[in-house]
Amino acid sequence: MPTESANQLCLRGSIYTLIDDPFLQAQEDCAVQYEDGLIIIRDGTIEAVGDYASLRGRLSADCELRHYPDALLLPGFIDAHIHYPQVEIIGSFGAQLLEWLQKYTFPAEANFRDPAHARRIADFFVAELLRNGTTSASVFCTSAPGSVDAIFAAAQQVNMQMLAGKMMMDSHAPANLLDSAQASYDDSKTLIERWHGRGRCLYTISPRFALTSSREQLELAGALLRDYGDVRLQSHISENHAEVARAKELFPERANYTDIYDHYGLLNARAIYGHGIHLSEGELRRFYETGAKIAHCPTSNFFIGSGLFDIARVRDAARPVTVGLGTDVGGGTSFSMLRTMSAAYQMAQLRGISLPAAHLYYLAALGSAQSLGIAGEVGSLQAGYAADVIVLDPRATPLLRLRADVADSLDELLFALMICADDRAVAATYVAGELVYERA
Ligand code: GUN
Ligand code: ZN
């Protein structure tokens, strides 16, 4: 809830932010840190970021200064892929993707035809994001248009940047979730006109995946993406071997899974696809050529047993596909982007790559922002950006305290924090300069 009244709000503490992509540029040119730093905020926007000593002269008479002497100030995390209707089925036992969808996901999503249920879960979901330091997210709803109204309304209450859209699915799913190609087009259009650009809401066209859409529906999703030059698109691709085989069976005329989406005009710089674990070299090249992005969702990939995303291959500098980080709750096992970064590190380890802290903090904020077409506004702490800021407590638990006390550098501290911490380390969350969550 909005609590601020001062025109100028200033946050003092240790600042750490990425300003460029450490997968492609020298790390020292990408990470910015101020041991005793200051963020000057006016009207929800960052006015200046720097050393406290050099910026203190710019504090205005009406400034409200909040000092977090033992904490880290970071840009809010950005979850590039998450399903709000799946929160109640998080941690469901024993199935791989296609069975997991049938057994747990579809029944849970059917409940969202009830607007009261949708709003109750949407409110819980937004609060849980903020409690975890996530200030923007790209969210799948269900095929019920009311599920989209519920999530945008919940986000608007806290002025949070929210990307979301109605799930388009007209084939191979239970009847109580199916739309039709035309109805999904009409409903999406109505929702775009209602929500896109309203406050900080951004509409995202959301065909579930090729397995649950007819050719006609994919065609119409492409028409929406063409007609509305500023809306985004999200879907899923190449998460699981059985899914890839089924996509080939359903669309035998297409060269590969990526070619299905490409054929219908769904592969461009405004599109992001969850997972992409099993994409071929040719498919990755097509992602690079079209500017389409991938949301890497490691806790989900471990939990559903989908496979090991090869981040070094996907980000190969010869044709780097842009990647953001997603929790994929309820396939994913945590709302915490810290835990998700830890899982991404561990998955890369299993591929023989040790990702430095800067790469993981990049993925969780700036990388996700670049993947969702919202870089330049959020994902970094720089003048002109929205003041979406989180306060992390590196001594939030006895173990973290013990570990932090022997860390020799900020880099070491950030790394251990990312590996060992979770929501308990989030001391406060600011959205557009307003305190929207504070740990008890
Ligand atoms: N593929 C299609 N739908 C889904 C979903 O809801 N979750 C995951 N993890 N993969 C999907
Ligand atoms: Zn997903």
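Bear in mind the structure is a predicted one, so any value in this text is a computation, not a measurement.
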Legend entry - Chi angles and distances behind the side-chain hydrogen bond (donor to acceptor under 3.5 Å, both in side chains) call for Asn7, Glu64: CA-CA 8 Å; Asn7 282 331; Glu64 182 180 349; over 6 Å; no
Legend entry - Shortest non-hydrogen contact from Ala425 toward Leu338: CB-CD1, 4.4 Å
Inset, instruction - Could you tell me whether the side chains of Gln157 and Asp123 share a donor-acceptor contact shorter than 3.5 Å? - result: no
Legend entry - Side chains of Thr204 and Gln234, donor plus acceptor under 3.5 Å: no
Inset, instruction - Could you walk me through whether Arg198 and Glu193 pass salt bridge (Lys or Arg N to Asp or Glu O under 4.0 Å), step by step? - result: CA-CA 9 Å; Arg198 185 163 155 191; Glu193 312 257 331; over 6 Å; no
Inset, instruction - Show your working on side-chain hydrogen bond (donor to acceptor under 3.5 Å, both in side chains) between Glu99 and Tyr104 and close with a plain yes or no. - result: CA-CA 8 Å; Glu99 186 195 352; Tyr104 302 114; over 6 Å; no
Inset, instruction - Check the pair Ser214 / Asp170 against side-chain hydrogen bond (donor to acceptor under 3.5 Å, both in side chains), numbers first and verdict last. - result: CA-CA 6 Å; Ser214 63; Asp170 69 351; 2.6 Å; yes
Inset, instruction - Taking Arg351 for its side chain and Leu308 for its backbone only, find out whether a donor-acceptor pair lies under 3.5 Å. - result: yes
Inset, instruction - Applying ring pair (Phe, Tyr, Trp, His ring centres under 6.0 Å), run through Tyr437 and Tyr430 and close with a yes or a no. - result: CA-CA 7 Å; Tyr437 168 72; Tyr430 289 86; over 10 Å; no
Inset, instruction - Measure the shortest side-chain to side-chain distance between Met162 and Val126 over non-hydrogen atoms and say whether it is less than 4.5 angstrom. - result: yes
Inset, instruction - Please tell me if the side chains of Val426 and Arg131 come closer than 4.5 Å, counting only heavy atoms from C-beta onward. - result: no
Legend entry - Separation of Ser213 OG from Leu218 CG (nearest 0.5 Å): 4.5 Å
Inset, instruction - For residues Tyr84 and Phe112, establish whether the separation of their ring centroids is below 6.0 Å. - result: yes
Inset, instruction - Taking the six-membered ring for Trp and the full ring for Phe, Tyr or His, determine whether the centres of His296 and His81 are under 6.0 Å apart. - result: no
Legend entry - Aromatic centroids of Tyr203 and His196 separated by under 6.0 Å: no
Legend entry - Validation row: His172, Leu250 side chains within 4.5 angstrom (heavy atoms): yes
Legend entry - Pair Phe125 and Phe335, ring centroids less than 6.0 Å apart: yes
Legend entry - For the student: nearest non-hydrogen atoms of Ala318 and Arg285, plus distance: O-NH2, 4.3 Å
Inset, instruction - Only one of Ser143, Ser147, Ser206 passes side-chain contact (heavy atoms from CB on, under 4.5 Å) with Lys166; say which it is. - result: Ser143
Legend entry - Side-chain (Ser368) to main-chain (Ile78) donor-acceptor, under 3.5 angstrom: yes
Legend entry - Asp328 backbone acceptor or donor facing Ser300 side chain under 3.5 Å: no
Legend entry - Stepwise side chain to side chain contact (heavy atoms under 4.5 Å, CB included) check, Asp149 with Leu191: CA-CA 8 Å; Asp149 294 322; Leu191 290 163; 3.6 Å; yes
Inset, instruction - Salt-bridge test for Arg319 and Glu289: reply yes if a basic N is under 4.0 Å from a carboxylate O, no otherwise. - result: no
Inset, instruction - Show your working on side-chain hydrogen bond (donor to acceptor under 3.5 Å, both in side chains) between Tyr362 and Asp21 and close with a plain yes or no. - result: CA-CA 7 Å; Tyr362 160 80; Asp21 179 351; 3.3 Å; yes
Inset, instruction - Indicate yes or no: does Glu283 engage Arg286 in a salt bridge with an N to O separation below 4.0 Å. - result: no
Inset, instruction - Spell out, as yes or no, whether a donor-acceptor pair under 3.5 Å connects the side chain of Thr134 to the backbone of Leu130. - result: no
Inset, instruction - May I ask you to decide if Asp230's main-chain N or O and Arg232's side chain share a donor-acceptor pair within less than 3.5 Å? - result: yes
Inset, instruction - Please check if the side chain of His83 supplies one atom and the backbone of Thr142 the other of a donor-acceptor pair under 3.5 Å. - result: no
Legend entry - Sub-4.5 Å side-chain heavy-atom contact between Gln349 and Ser354: yes
Legend entry - Steps toward ring pair (Phe, Tyr, Trp, His ring centres under 6.0 Å) verdict (His236, Tyr273): CA-CA 5 Å; His236 296 84; Tyr273 287 84; 8.9 Å; no
Inset, instruction - Drop me the distance from Cys10's SG to Gln8's CD, to the nearest 0.5 angstrom. - result: 4.0 Å
Inset, instruction - Any chance you could lay out the side chain to side chain contact (heavy atoms under 4.5 Å, CB included) test for Phe23 and Ile311, step after step, and finish with the verdict? - result: CA-CA 10 Å; Phe23 284 91; Ile311 194 151; 4.0 Å; yes
Legend entry - Distance-only donor-acceptor check, side chains Ser380 and Gln382, under 3.5 Å: yes
Legend entry - Rounded distance (nearest 0.5 Å) linking atom CD1 of Ile41 with atom OG1 of Thr45: 9.5 Å
Legend entry - Check: Thr290 main-chain N/O paired with Asn268 side-chain donor or acceptor under 3.5 Å: no
Legend entry - Thr327-Asp79 side chain donor-acceptor pair, cut-off 3.5 Å: yes
Legend entry - Carboxylate-amine/guanidinium proximity below 4.0 Å for Asp393 and Arg424: no
Inset, instruction - Decide yes or no on ring pair (Phe, Tyr, Trp, His ring centres under 6.0 Å) for Tyr16 and Tyr361, but give the supporting numbers first. - result: CA-CA 9 Å; Tyr16 179 78; Tyr361 284 91; 5.7 Å; yes
Legend entry - Check: Phe152 ring centroid to Trp195 ring centroid under 6.0 Å: yes
Inset, instruction - Hey, could you give me the CD/CD1 distance between Gln86 and Ile121, rounded to the nearest 0.5 Å? - result: 12.0 Å
Legend entry - Side-chain touch Thr135/Phe77, heavy atoms, less than 4.5 angstrom: no
Inset, instruction - Check whether any side-chain heavy atom of Ile294 sits under 4.5 Å from a side-chain heavy atom of Val314, and report yes or no. - result: yes
Legend entry - N-O pairing of Asp262 and Arg254 below 4.0 Å: no
Legend entry - CZ-CG distance between Phe251 and Asn256, expressed to the nearest 0.5 angstrom: 13.0 Å
Legend entry - Arg270 (side chain) donor-acceptor with Gly229 (main chain) under 3.5 angstrom: yes
Legend entry - Pairwise distance CG(Leu101) to CG(Leu177) - rounded to 0.5 angstrom: 10.5 Å
Inset, instruction - State, yes or no, whether a side-chain contact exists between Asn301 and Met347 at a heavy-atom distance under 4.5 Å. - result: yes
Inset, instruction - Look at the side chain of Ser92 and the backbone N and O of Ile89, then say whether any donor-acceptor pair between them is shorter than 3.5 Å. - result: yes
Legend entry - NZ/NE/NH1/NH2 to OD/OE distance under 4.0 Å, Glu243 and Arg246: no
Legend entry - Within 6.0 Å of CZ in Arg315, more than 12 heavy atoms from elsewhere: yes
Inset, instruction - Side-chain contact test, heavy atoms from C-beta onward, threshold under 4.5 Å: evaluate it for Met168 versus Asp187 and give yes or no. - result: no
Legend entry - Side-chain (Glu239) to main-chain (Ile277) donor-acceptor, under 3.5 angstrom: no
Legend entry - Pairing of Arg208 and Glu109 as salt bridge, 4.0 angstrom limit: yes
